[in-house]
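Read the structure below first, then the notes.
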Amino acid sequence: QVQLVESGGGLVQAGGSLNLSCAASGRTFSSYTVGWFRQAPGKEREFVALSSWGGEKTDYVDSVKDRFTIYRDNAKNTVYLRMNSLKPEDTAVYYCAAGLAKSRRPEVYNYWGQGTQVTVSS
């Protein structure tokens, strides 16, 4: 199995930046897609970004394009989400997930972290 642990969330003013980390252990990630999702109170989980393990394919939801960047440090077995120009509507619990499919659908991902809270004040 794969174990994922997110970190890096916090409180930031609108326009600021945060760097989220997803540290992986267990099975190799060589064949896995890793995605970031978020869930605000009273709302369903929403796709944010994904990356193939080698980074050849990335995908972003329209609302974060040109502001967020997903990238990997394979030596550290860690996936990051760099979030710039944060907006209040980005406020949510952010989760990383791993699966075999390159998909925006959360139900196809098999492994999930515990989540990290991101709060953006206006």
* Asked: Listed by chain and number, what are the side chain to side chain donor-acceptor pair (under 3.5 Å) partners of Thr119, not counting sequence neighbours?
  -> Gln117
* Asked: Atom CG of Leu81 and atom CD of Glu6: how far apart are they, to the nearest 0.5 Å?
  -> 11.0 Å
* To do: Check whether any side-chain heavy atom of Val93 lies under 4.5 Å from a side-chain heavy atom of Thr116, and answer yes or no.
  => no
* Okay, side chain of Tyr95, backbone of Arg45: is any donor-acceptor separation there less than 3.5 Å? -> no
* To do: Using side chain to side chain donor-acceptor pair (under 3.5 Å) as the criterion, list what pairs up with Tyr94, not counting sequence neighbours.
  => Arg38
* Report the residues that fulfil ring pair (Phe, Tyr, Trp, His ring centres under 6.0 Å) with Phe68, sequence neighbours left out, ordered by chain and then residue number. => none
* To do: Can you label the angle between the Phe37 ring and the Trp112 ring as parallel, tilted or perpendicular, going by 30° and 60°?
  => tilted
* With sequence neighbours excluded, what pairs up with Ser103 under the side chain to side chain contact (heavy atoms under 4.5 Å, CB included) test? -> Ala101, Arg105, Val108
* Stepwise side chain to side chain contact (heavy atoms under 4.5 Å, CB included) test for Val2 and Tyr32 -> CA-CA 10 Å; Val2 176; Tyr32 286 85; 4.3 Å; yes
* To do: Go through the structure and list residues passing side chain to side chain contact (heavy atoms under 4.5 Å, CB included) with Asp62, not counting sequence neighbours.
  => Lys65
* To do: Applying side chain to side chain donor-acceptor pair (under 3.5 Å), name anything that partners Gln39, two or more places apart in sequence or on another chain.
  => none
* **Heavy-atom neighbours of Glu44 CD exceed 12 at 6.0 Å** => no
* To do: Please list, chain by chain and in numerical order, all residues satisfying side chain to side chain contact (heavy atoms under 4.5 Å, CB included) with Glu89, sequence neighbours excluded.
  => Lys87
* Which distance, rounded to the nearest 0.5 Å, do you find between the CG of Leu4 and the CG of Asn77? -> 9.5 Å
Donor-acceptor pairs are to be reported for all side-chain atoms of residues 7-24 against protein atoms at under 3.5 Å, with residues two or more places apart or in another chain.
unit_1	atom_1	unit_2	atom_2	d
Ser17	OG	Asn84	OD1	2.8
Asn19	OD1	Tyr71	OH	3.4
Asn19	ND2	Tyr71	OH	3.4

* Asked: Taking side chain as C-beta onward, heavy atoms only, is Tyr109 less than 4.5 Å from Thr33?
  -> yes
* What's the spacing between Leu86 CG and Thr91 OG1 if we round to 0.5 Å? -> 8.5 Å
* Asked: Who else is in the cluster with Val5 when I, L, V, M, F, W and Y are joined by side-chain contacts under 4.5 Å?
  -> none
* **Nearest-0.5 Å distance that lies between atom CG in Leu50 and atom CG in Asp59** => 5.0 Å
* To do: For Arg82, check salt bridge (charged side-chain N to carboxylate O under 4.0 Å, His left out) against everything at least two apart and list the hits.
  => none
* Partner set under side chain to side chain contact (heavy atoms under 4.5 Å, CB included) for Val61, not counting sequence neighbours -> Glu46, Phe47, Ser63, Val64
* Asked: Any chain of hydrophobic side-chain contacts (each under 4.5 Å) joining Tyr80 to Val118?
  -> no
* Do Arg67 and Asp90 sit within salt-bridge range, that is, some charged N less than 4.0 Å from a carboxylate O? -> yes
* Asked: If you draw a 6.0 Å radius around CG in Asp66, do more than 12 non-hydrogen atoms from other residues or ligands fall strictly inside?
  -> no
